[in-house]
There are 2 protein chains.
Amino acid sequence: MSDAQGAPKLVKKKGEARHEAIYKALSDAIIEQRLKPGARLREDALAEVFNVSRTGIRKILQRLAIEQLVTLTPRRGASVTRPTADEAKDVFDARQLIECGLMPDVARRMGKKEAAELRDMARQERQALRSGQQSVAIRLSADFHVRLAQLSGNAALAEFVERLCSRSSLILAVYGHRGHLGCESHDHDDLIGYLEAGNGERAKAFMSRHLKAIEASLSMVEEEENVPDLRQIFGG
Amino acid sequence: MSDAQGAPKLVKKKGEARHEAIYKALSDAIIEQRLKPGARLREDALAEVFNVSRTGIRKILQRLAIEQLVTLTPRRGASVTRPTADEAKDVFDARQLIECGLMPDVARRMGKKEAAELRDMARQERQALRSGQQSVAIRLSADFHVRLAQLSGNAALAEFVERLCSRSSLILAVYGHRGHLGCESHDHDDLIGYLEAGNGERAKAFMSRHLKAIEASLSMVEEEENVPDLRQIFGG
DNA sequence: GCTCTCGATACTGTATACAATAAAATCGAC
DNA sequence: GTCGATTTTATTGTATACAGTATCGAGAGC
């Protein structure tokens, strides 16, 4: 899993899949902070790096804009969204309401297979953290929360959680200190325990503390911006 | 308000605003069921009706697809989404969780000005209902719920409610009987009363009953599809 | 030396043209 | 007469070319 999906490899998949791959490469790069908030994303440059025309790039940028990972300024183009403190508060309040509210349903539907899958995800996350890949760990943590929401069986809410987790990753990447990661090492394992025991109310309370702890760990200090080298980041 | 924004008037607004107008015309047409679920939306036809090139239309269709008002099938093009019963359940469960959870915050921030604005919206809704414009009333009802969510001060959750209300309108347009509208005549006024009195808990309970009542009023019978005449619908 | 204006440049916004593919219709065979 | 294969057509996917606009730099005036 080392440096992950680094280079898109210029594989000539047909249509659909190619765009999806570019989308994922971009969103991962943003979430893992290889593309830092404020970085401009020029259509020409991206088109060249990924070997597609600007048409396809624009489609992807628009999607990322709707998910609020990039900001689309009318005649200035796209740039990686720089989340504000207010937005951060809204996002974590929303997660508090939705994710906690989902826990009873998740507990009800949690089976052996699901629990095993979640434990595996938690394990991968710890491993990334141990090997110093903090930003990768942040993304894996988000994946965990999303998978959890999907287990509730409500697709609409799961999608919202997915959006909120993406934004959270961006927020964590910007405002989280190095060394003090948002999700404590064993929180996720403890949570799985409560859910597997069918104790929805306890899981709900635990999730609430868990999210509060993440939010409390943020330090609201902004970093400076710099010009990104797309070729280096994507290895194109 | 009669036949509303029927023809886009071919006004040559510059760029931004033009697309926004087309987007609104389309989403309103879908929500008010002038474009029925399953109706195909051909890019050429839309481009001609709205006097823009396919490029702009595609952008708008993609946005509508993300909001799940239209369904984008890979090489088949766009069609108005036909919500399933499962989706309807998810949407109303999600509204139950989010909108009810928001009521305490809304009650806390509700002032005289906000209450007056909401009462005016409720009045317009009743008026549309009285004059037999059921689908317009459905849209106005959605606007009311969205405005309410915005008053909570949480932009992220307000956006989610907006999405859920759009989908609800589509669901109501499809599954609601004629004559028995989702939102009862005075429910919204009663709700404003509780909120203005600062009684968040009571408002929360009332909203819960309100949403349950809407969902219970649905009859899960599907209608047949037919080919739409875009020129007639948009008056182009 | 500073600021304001004018020009060049770089980038996005939009349309159009071309290629690819899936649905439909027609023709032929059984 | 019906089923199947092939051609035709309709519609989306993609790239490219052109136009418009904002930004940056240079030069002149104060």
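Letters go in sequence order (proteins before strands), and every chain restarts at 1.
Residue Ile57(B) contributes atom CD1, which lies 16 Å from atom C1' of dG13(D) at whole-angstrom precision. The CD atom of Glu48(B) sits 12 Å away from the P atom of dT11(D) (whole-angstrom rounding). Residue Glu43(B) contributes atom CD, which lies 6 Å from atom C1' of dT12(D) at whole-angstrom precision. For the pair Asp44(A) CG and dT9(C) P, the interatomic distance rounds to 17 Å; values are reported in whole Å. Atom CG in Leu46(B) sits roughly 13 Å away from atom C1' in dT12(D) (whole-Å rounding). A straight line from CZ of Phe50(B) to P of dA15(C) spans 14 Å, rounded to a whole angstrom. Taking atom CG of Leu72(A) as the reference point, atom P of dC11(C) lies 16 Å away to the nearest angstrom. As a whole-Å value, the separation of Arg40(B) CZ from dT12(D) P is 6 Å.
For a distance-only test at 3.5 Å, the side chain of Arg18(A) fails to qualify as a donor-acceptor partner of the base of dG13(D).
At the phosphate of dT14(D), neither OP1 nor OP2 sits under 4.0 Å from any side-chain N or O atom of Thr55(A). The side chain of Arg42(B) contributes an N or O atom lying less than 4.0 Å from OP1 or OP2 of dT11(D). Distances shorter than 4.0 Å separate some side-chain N or O of Arg58(B) from OP1 or OP2 on dG13(D). Residue Arg75(B) places no side-chain N or O under 4.0 Å from the OP1 or OP2 atom of dA20(C).
With rounding to the nearest 0.5 Å, the separation of CD in Glu215(B) from NZ in Lys89(B) is 7.0 Å.
Among the nucleotides dT14(C), dA15(D), dT14(D), the one closest to any side-chain atom of His19(A) is dT14(D).
Scanning for salt bridge (Lys or Arg N to Asp or Glu O under 4.0 Å) contacts around Glu159(A) gives Arg163(B), with sequence neighbours left out. With sequence neighbours excluded, no residue forms a salt bridge (Lys or Arg N to Asp or Glu O under 4.0 Å) with Glu162(A).
His145(B) and Arg95(B) are linked by a side-chain donor-acceptor pair at a separation below 3.5 angstrom, with hydrogens and angles left out of the test.
Taking the nucleotide of DNA chain D with the nearest heavy atom to each of Arg76(A) and Val52(A), the more 5' of the two is matched to Val52(A).
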Next item on the list: For Leu64(A) and Leu41(A), run side-chain contact (heavy atoms from CB on, under 4.5 Å): C-alpha distance rounded to whole Å, both residues' side-chain angles, the deciding distance at 0.1 Å, then the answer.
Entry: CA-CA 12 Å; Leu64(A) 288 166; Leu41(A) 300 171; 5.9 Å; no
